[in-house]
Each structure stands twice: as C-alpha cells, then as structure tokens.
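Order of the sequence lines sets the chain letters (A, B, ...), proteins ahead of strands, with each chain counted from 1. These figures come from a predicted structure and were not determined experimentally.
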2 protein chains.
Amino acid sequence: MEAQAVSLQEALREQGLRLTRQRRIVVEALDRAEGHLSARDLLRLARQADPTINRATVYRTLALLKSRGLIDELDLLHLEGVGHFYERRVEGDHAHIGCPGCGRIVEMRTELAQDLARTVTERTGFAPTSIRIEVRALCPACQASAA
Amino acid sequence: MEAQAVSLQEALREQGLRLTRQRRIVVEALDRAEGHLSARDLLRLARQADPTINRATVYRTLALLKSRGLIDELDLLHLEGVGHFYERRVEGDHAHIGCPGCGRIVEMRTELAQDLARTVTERTGFAPTSIRIEVRALCPACQASAA
DNA sequence: CTTCCTGCAAACCTTTTGCATGCCT
DNA sequence: AGGCATGCAAAAGGTTTGCAGGAAG
C-alpha cells in the first residue's frame with residue numbers, strides 16, 4: 001500500500017527505532033522467511049541465532065512491527081492451529097487460500113484488494129492501511145476424494 | 001454462496017442435526033444478533049435463557065455450525081481482543097473494516113468477494129466455500145485527530 | 001547517563017478434552 | 001436401548017505483563 005524498504009531491518013532504522021541485537025535477529029528471520037511464520041516458528045528460528053532469546057521479546061517485536069504496519073498478521077482460518085501467523089508486508093496484495101480438507105495453504109496475488117481499498121474509502125471515508133483476505137476452499141485433490 | 005434457511009434453527013433441522021435445548025438457545029442468540037459475537041458474549045446471552053449452560057457446549061455448538069458453513073468466524077484484526085467472533089452467514093458477502101485508532105468496526109457489503117471467488121477457482125482450481133475480508137483502516141474521526 | 005529493551009516467571013484468556021451422566025430419538 | 005450431547009473440571013495453547021537488571025543511543 002506504500003513504498004517499502006528492502007528489508008525490515010532497514011525499515012526499522014528508517015523509523016528511528018532502536019535496533020537491538022534481538023530485534024535484528026527477529027527481523028532477519030522474518031526477512032528470510034518465504035511465507036507466513038507463527039510466533040512459535042519465529043522463536044525457534046531466532047533461537048538458532050541466539051538460544052537465550054525470549055518468547056516475550058519475540059511477541060514484543062511482533063507487536064512493534066505490526067503497529068508500524070511492517071508486517072501483516074493472519075490467522076489462516078485456524079487451519080494450522082489456533083495461533084497467529086506473521087509475514088512481511090510485501091508490495092502487491094495477496095489472498096491466502098486454505099483447504100479445510102488437507103490444511104494446505106496457497107497464496108494468490110490479486111489486484112482486487114486495490115479495488116476494495118478504493119471502495120472502502122469512497123463508501124465509508126475510512127482510510128485503509130492493510131487488507132486481509134482469507135479464503136476457505138477445497139483443493140482439487142480434496143474435491144476429488146469428497147466426490 | 002448458497003441459498004439459506006430463514007434461521008439457523010431451521011438450518012440445523014434441515015441438516016438432520018439433533019436440536020437440543022442448549023443448541024436451540026445458542027442458535028437463537030446468533031439469529032437475534034445483528035452482528036458479530038464473541039464466544040464469551042454468546043455464553044452470556046445463552047445464560048440469560050438458561051444459567052446452567054456451559055462454555056464447552058457453546059464452543060462445541062460453534063464448531064458444529066462452523067463445520068457446516070452456517071456461521072463465519074472472524075478475528076476482527078484483534079481490535080476487540082484476542083479471541084474470535086462469530087456471525088451467521090448471510091447472503092451477500094461483506095467486508096469488516098476496523099479502525100485501529102478507536103476500535104470501531106463497520107461492515108460494508110461488497111460484490112468483490114464474488115469476483116475473488118471466481119478468480120480463485122480459475123487460477124488455482126480450489127473451490128471456495130467462504131471468504132473473509134478484513135480491512136484495517138483509520139476512521140474519519142481518527143484521521144482528523146491524527147493530523 | 002538516561003531511556004527503553006530484555007529475560008524471567010507468573011498470570012491471563014481463550015479454547016479444547018476426558019469422563020461420567022443425562023437426554024433425545 | 002443406543003448414540004450422541006452436556007456439564008464439569010482440568011489441561012492446553014497462545015499471549016501478555018510486572019519487575020529487576022542490562023544494553024543502546
């Protein structure tokens with residue numbers, strides 16, 4: 001929804017936020033991740049770099065990034081568990097599609113989010129900063145086995 | 001996404017599901033609700049009709065309704081707390097728009113969900129059964145006070 | 001030097017589960 | 001009668017918080 005720095009680490013610096021060793025480790029893990037990560041995943045990854053890093057620090061860093069709009073928070077329709085998932089906000093919105101049969105999650109880029117943002121502004125006067133689209137849909141394999 | 005009965009209660013019967021006193025109370029509360037309800041809200045409402053009704057029953061009923069596609073589950077971007085929200089699935093999709101400034105949630109009907117469902121099918125072969133669109137957006141009042 | 005972050009541990013909240021009992025069909 | 005739903009209580013996650021010590025700017 002807006003221009004972005006090449007990395008979260010850089011984005012943090014641009015925003016004048018303190019860049020501690022722990023925050024660097026956490027954002028590096030998010031930068032490297034190709035998709036969504038749970039807080040638990042992220043803690044595990046961070047601990048590979050520093051085994052003393054604490055859960056609370058991970059949550060606090062996630063809250064910070066979230067409040068600055070640098071990451072998106074998803075829950076992936078509970079298909080992968082009750083917790084939340086995080087991923088770096090990227091240019092170009094995408095929908096998350098989850099199959100309730102097998103739990104598989106795929107992503108799909110879509111321009112419809114732009115349209116939606118425009119419509120929201122026109123019809124409600126609200127100013128969108130992020131859009132989350134999550135679709136529950138049977139994958140082809142599960143459609144076949146359900147038939 | 002498909003035709004619906006006039007009430008959840010009726011829908012339950014149509015699906016050949018056992019309609020216990022507790023389930024009736026819970027679905028009546030959902031039927032009466034104009035918008036989203038948390039599990040906690042729902043328990044509170046149900047207890048007005050029967051103070052002995054149990055939390056576990058509410059959760060089990062919600063799981064049942066969810067699995068049958070009769071209700072939608074939302075988390076409203078965590079703006080109202082960490083839990084989930086439920087509402088009867090209605091004809092005509094709508095997006096939930098939440099203001100991070102004041103926590104206000106508004107709904108907006110949108111046809112874009114239909115387009116999105118079509119696109120998903122065409123591009124991925126997945127068969128959508130529900131779509132969740134949640135938008136984080138500053139409301140007019142909060143835009144003004146932020147300026 | 002000051003501010004704010006971290007680790008720790010406990011608390012908190014929501015949601016789930018095993019089990020014995022009871023209700024619906 | 002049989003199968004399934006309920007209530008109860010405890011457990012299981014996930015997430016948040018107060019506090020004392022420590023690191024970053």
Expressed in angstrom and rounded to an integer, what is the separation of R23(A) atom CZ from dA24(D) atom P?
12 Å
Sub-4.0 Å heavy-atom contacts from residues 27-35 of chain A onto DNA chain C, ordered by number
none
Is there a donor-acceptor contact under 3.5 Å linking the side chains of S38(B) and D41(B)?
yes
To the nearest angstrom, the CG-P distance between L42(A) and dT15(D) comes to 11 Å
For K66(B) and dT14(C), what is the distance between atoms NZ and P respectively, to the nearest whole Å?
16 Å
Take the protein atom CG of L43(A) and the nucleotide atom P of dT15(D), then report the distance between them rounded to whole Å.
11 Å
By side chain to side chain contact (heavy atoms under 4.5 Å, CB included), which residues pair with T124(B), not counting sequence neighbours?
I97(A), M108(A), V120(B), F126(B)
Output the rounded distance in Å from NE2 (H84(A)) to P (dT14(C)).
13 Å
Please report, rounded to the nearest Å, how far the C1' atom of dT16(D) is from the CG atom of L64(A).
16 Å
R24(B) atom CZ: more than 12 heavy-atom contacts under 6.0 Å
yes
Check DNA chain C against residues 45-63 of chain B and give the residues with a non-hydrogen atom under 4.0 Å, in numerical order.
R55(B), A56(B), Y59(B), R60(B)
Quick one: sort the F85(A) and H36(A) rings into parallel, tilted or perpendicular, breaks at 30° and 60°.
perpendicular
What's the CG-C1' distance between L19(B) and dT6(D), to the nearest Å?
14 Å
d(CD, Q22(A); C1', dG7(C)) in whole Å
9 Å
Would you tell me if any nitrogen or oxygen in the side chain of T20(A) comes within less than 4.0 Å of OP1 or OP2 on dT6(C)?
yes
